[in-house]
Protein chains: 2
Amino acid sequence: MPARYEEIAADLRERISSGELRPGQRLPTERELALRYDASRNTVRDAVLRLRGLRLLESRHGLGTFVLEPPVKFAITLTPSEGTGSGGGEGRAWVDEVARQQRSARTSVPSVAIEQADEPQARELGIGVGDMLVVRHQQHFITDKGVDVPWSLRTSFYPIALVDRGATRLQRPEDIPEGTAAYLEQTLGIRQAGYRDRIWVRPPNDYEIRFFDMPPEGTVPVFVHQRVVTDTEGEPCRYTLTVYPADRNEFVIEADLPARDG
Amino acid sequence: MPARYEEIAADLRERISSGELRPGQRLPTERELALRYDASRNTVRDAVLRLRGLRLLESRHGLGTFVLEPPVKFAITLTPSEGTGSGGGEGRAWVDEVARQQRSARTSVPSVAIEQADEPQARELGIGVGDMLVVRHQQHFITDKGVDVPWSLRTSFYPIALVDRGATRLQRPEDIPEGTAAYLEQTLGIRQAGYRDRIWVRPPNDYEIRFFDMPPEGTVPVFVHQRVVTDTEGEPCRYTLTVYPADRNEFVIEADLPARDG
DNA sequence: AACGATTTGTTCGTATGTATC
DNA sequence: TGATACATACGAACAAATCGT
């Protein structure tokens, strides 16, 4: 026999999917639900808790519990696009990408730090553990109805050798309006030739929960998009981690299959 | 002031990250923790619940609460691979992919149904709503230490026109050992020329929770990988949805950026 | 196979804190 | 300020899963 709170959760779920409870609508109070289901308020809370975990409901302190809208997802395109050559670059590429989806974007002024590479960073960039890195961190926002919605957090790591060879603007906490890819090509002749992406999810950390305004229970995961860009020599020249709230985003990849002989 | 259960959760978290509580280890019982933290058992349970949501702990009925191992992720490669031309195909491609990672795989006998296309299916396949579809569903397993671990659920949709034109094995509930891609090419001369992938996450449904043996609270999401394959004419010929538990998998995409003139 | 001990799971009642209007 | 709603916390009891005897 299923638990009482499971039954209640199933019933509420049914009322939501049938349209009897519509997105945005407020549920009866926990007390009322307890009466209606002939259960204690705690049991009703357990049922609601389950549905909050499934992102069907949202409780607001002092206000009530509300049916959530099915989230509209923003598409993050990973396909190497001919036009801009962007696809997961730094600030500039991001703004271009958003503009393609008829939305407007803003990026924060980058923060810059010099750090020693830890094991995964060193492995991905093909350098030694403890070697110096330029770390550039940026917050990305999408402007919706005049308000900036926090959308992603991007941290890029560059070998310090690039700065030594002349790309000094990398270590200045300023935007690089033409994009870092173009900047590296102009100053050092380094052309981005290929990349390797990894995408996974994990629970958000405290910083991400605050920045994205996510539920603190950790029920909504974040996407982590890792990109390692290599130049024409096959040398890794950039390692980027971008974090997105997983309930508002999706990834899109378009590709042609290689033609075969025969 | 933070809630008591938050403090307890933070303390347990600290003990885990410091290594005082190691992966696999059992925590003290809820009663003991309640004594130690001078809190009620329910408050301790709230703290544990939070850490279960973050997939740091796991409770087993009748046994205790255990520290989880950081999950090792299986890589799903989406890059169009020259050799097999696989990358997200049906059964055959899956087994090849797993073999590349030194693991062995098994697929269930496909179940087949004929259904009417709903709106999203029709849109992706470029056919009309209500048009007939061949639906092939397969369960995928990875063999680890002699036991089959449920790994993914794949459902592919094909326009019924393909069957009418001669690809009759599509609607038989049998494996197609050479792969459906090769079969379609041999029988109809249809060659897969490109694809469009979408990747997102959502909470698991009841079937997925059972099949993958996931925690029923819905704290662990599933990846959904959608692939629409087009032939050399640009016509969609397959629409595939694959579901993976998100805590055991990651996606990998490798690509060369298109060369530019200049 | 049956039973008891242990541990988490479920449910209740109650009280108080705190955000919102 | 008061009323309303969810959030936190406690104590208690029984249910159900697991394991060893």
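A note on names: the letters A, B, ... follow the listed sequences, proteins ahead of strands, and every chain is numbered from 1. Predicted model, so just to flag it, every value in this text is computed and none were measured. Any value given below was found using the heavy atoms of this structure, including those in side chains, with hydrogens, waters and symmetry copies removed.
Put simply, CG on A:N42 is 12 Å from P on D:dA7, counting in whole angstrom units. Here D:dA9 presents its P atom at 11 Å from CZ of A:R45, a figure rounded to the nearest Å. The CZ-C1' distance, from A:F66 to D:dA5, rounds to 10 Å in whole Å. Computed from coordinates, the A:R52 CZ to D:dA7 C1' distance equals 9 Å when rounded to whole Å. Between B:E30 atom CD and D:dG11 atom P there is a gap of 15 Å when expressed in whole angstrom units. Across the protein-nucleic acid pair, B:R31 atom CZ and D:dA13 atom P stand 11 Å apart, rounded to whole Å.
Checked by atom type and distance alone, the side chain of B:Q25 pairs as donor or acceptor with a backbone atom of B:R22 at under 3.5 Å.
At a threshold of 4.0 Å, the pair B:R202-B:E208 counts as salt-bridged, since one of the basic side-chain nitrogens sits closer than that to a carboxylate oxygen. Checked for salt-bridge contact, A:R45 and A:E30 meet the test: a charged N lies under 4.0 Å from a carboxylate O.
Each of A:F223, A:F211, A:F74, A:F212 was evaluated against A:W151; a single residue qualifies, A:F74, per the ring-ring contact (aromatic ring centres under 6.0 Å, His included) test.
In this model, a donor atom of one side chain and an acceptor atom of the other lie less than 3.5 Å apart for B:H137 and B:T155. Between the side chains of B:Q226 and B:E124, at least one donor-acceptor pair of N or O atoms lies under 3.5 Å. Side chains of B:T242 and B:S152: a donor-acceptor N/O pair is absent below 3.5 angstrom, by distance only.
Taking every nucleotide of DNA chain C with any atom under 4.0 Å from a non-hydrogen atom of chain A, the first and last of them, 5' to 3', are C:dT10 to C:dC21.
The cationic group of B:R60 lies under 6.0 Å from the six-membered ring centre of B:F66 and within 45° of the ring axis, placing it in a cation-pi geometry.
Applying the 3.5 Å distance criterion, the base of D:dA7 shares a donor-acceptor pair with the side chain of A:R41.
Ring geometry for A:F251 against A:H225 counts as perpendicular: the plane angle is over 60°, on a 0 to 90° scale with 30° as the lower cut.
For A:T65 and D:dC6, the shortest distance from a side-chain N or O to OP1 or OP2 is below 4.0 Å.
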Spell out protein contact along nucleotides 16-21 of chain D as letters: B when the base is contacted, S when just the sugar-phosphate is, - when no protein heavy atom is under 4.0 Å; keep the 5' to 3' order. BBSS--
